[in-house]
Amino acid sequence: MHLYKTSKGNILKEEANYFLLNNDWDTLINQPDLHAHLLQLTSSADSITEEDAENLINNYLLAPIGSQEVWAAGVTYLRSRDARMEESEDTGAADCYQRVYEAERPELFFKSLPHRVAGHKDKVRIRKDSTWNVPEPELTLFINTHGNIQAYTIGNDMSSRSIEGENPLYLPQAKMYERSAALGPCLFITDKPIDLSTAIQMNIYRNGMKMFDDATTLSKMKRTLNELAHWLFKEMDFIHGCFLMTGTCVVPPNEFTLQENDVVNISINGIGVLTNTIAIKS
Ligand code: DO4
Ligand code: MG
C-alpha cells in the first residue's frame, strides 16, 4: 500500500481503494506493525473517490516526513566506492573509501532535519561554492522507534563532489545544506521485505533534453538493509522513528555537473517517481 502526506490529510491507497486519514503523521507512521495498522484503519476510515484522491495528491502533496531526522549511509555499492575514489585521488584520501567499503562498520552520516527536506516536484539546491554537483538516487527506509523497517520511499541525497573530493572532512558541507535532501512521493508499506531485484533508475533533463539515464537493481548493495538499520540504532534513540537513505548506485559520468533548472527523476519500481528541479540560492 502507498501512503501520501498532503496538507489536507493523509491519503492511503490500498489496491484500487483510497482512504483519507486525518491522523497526525508521526503517530500514524511510527507503529510497531505499520502494514497491519493501516489495514485495520481501512475498516473505519473515510473512503474517497479516485478523482478526489488524485486531486489531493497532485495539488497538495508534502514530503512524507514529520518530525523525523534523515540519516544516510554511504559507499554501500561498488559504483559509489569507485566514484569517491576517483573524486579524491588528487588528495590522497581515496584509500578511506576502499576501507569503509570493506569494513564491518558502515559509513553513516546525519543528512537532514525535516524542515530542510524537499518533496516530490519541489526544488532541491546545489551550492554556489561547489563546482561539481550530482543527485544521488537512494532507496530510503522508514525505521520505527523500535529499529524495525516499516516502509520505503525514494530519496535524493544531493551532493557536492568537488567539496567532498577536496577533503573527506568536508563531508558535512558536501551533504548538508538547505534543500539538499528530497523524499517522496509516498511511503510504500508492505508486509514483506522489499524485493532486492527491484530496479532503481535516474534520468536528468536539461532544457527538455535527456542528459543522463541509468538504472540498476537494489541487489547490487554490499550490505543488507537490516544491517544498516541495526548500526544506526546501536547508540541512537529516535522517538518518532527516522529515515535512512541507503546509498547511491547510479552516478553520472565524472564530466557531468548539475545546472540550475535541470530536472531529476528518480524511480523505484513499486514506489513511484520522485521529481525535483535544481535551484540555486537567490
Ligand atoms: O562517502 C560519502 C558519501 C557517499 C554517499 O553518499 C553514497 O554512497 O551514497
Ligand atoms: Mg548518498
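In listed order, ligands and their atoms are each counted from 1. No hydrogens, no waters, no symmetry mates; every other heavy atom, side chains included, goes into these values.
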Asn55 and side chain to side chain donor-acceptor pair (under 3.5 Å): which partner among Asn59, Asp52, Asn58?
Asn59
Do Lys175 and Ser159 meet the criterion of a side-chain donor-acceptor pair at a distance under 3.5 Å?
yes
Once you round to the nearest 0.5 Å, how far does CD1 of Ile163 lie from OH of Tyr177?
8.5 Å
For residues Asn265 and Asn203, is any side-chain donor paired with an opposing acceptor at under 3.5 Å?
yes
Between Tyr97 and ligand 1, is there a nitrogen or oxygen pair with a distance under 3.5 Å?
no
What do you reckon, does Met245 put a non-hydrogen atom under 4.0 Å from ligand 1?
no
Closest approach to the Mg ion (ligand 2) by Glu136, given as the N, O or S atom name
OE1
Nitrogen or oxygen atoms of Val75 and ligand 1 under 3.5 Å apart
yes
For N/O/S atoms only: which one belongs to Asp157 and is nearest the Mg ion (ligand 2)?
OD2
Tell me the contacting part of Val100 for ligand 1: side chain, backbone, both, or neither, using a 4.0 Å heavy-atom threshold, strictly below.
neither
Heavy-atom nearest option to atom 1 (O) of ligand 1, drawn from Glu107, Glu87, Arg81:
Glu107
Output yes when the distance from some N or O of ligand 1 to some N or O of Thr76 is under 3.5 Å, and no in every other case.
no
Intermediate values then yes/no, side-chain hydrogen bond (donor to acceptor under 3.5 Å, both in side chains), Asn133 and Ser130:
CA-CA 7 Å; Asn133 303 291; Ser130 166; 2.6 Å; yes
Pair Ser197-Ser219, side-chain donor/acceptor within less than 3.5 Å:
no
Check each atom of ligand 1 against the heavy atoms of Glu164 and keep those under 4.0 Å away; list them by number with element.
1 (O), 2 (C)
With a 4.0 Å cut-off on heavy atoms, is Phe109 touching ligand 1?
yes
The N/O/S atom of Glu138 lying closest to the Mg ion (ligand 2) is OE2
Ring geometry between Phe110 and Trp71 (parallel below 30°, tilted from 30 to 60°, perpendicular above 60°):
perpendicular
Assess, by modelled atom type and distance only, whether the side chains of Glu138 and Thr246 contain a donor and an acceptor separated by less than 3.5 Å.
no
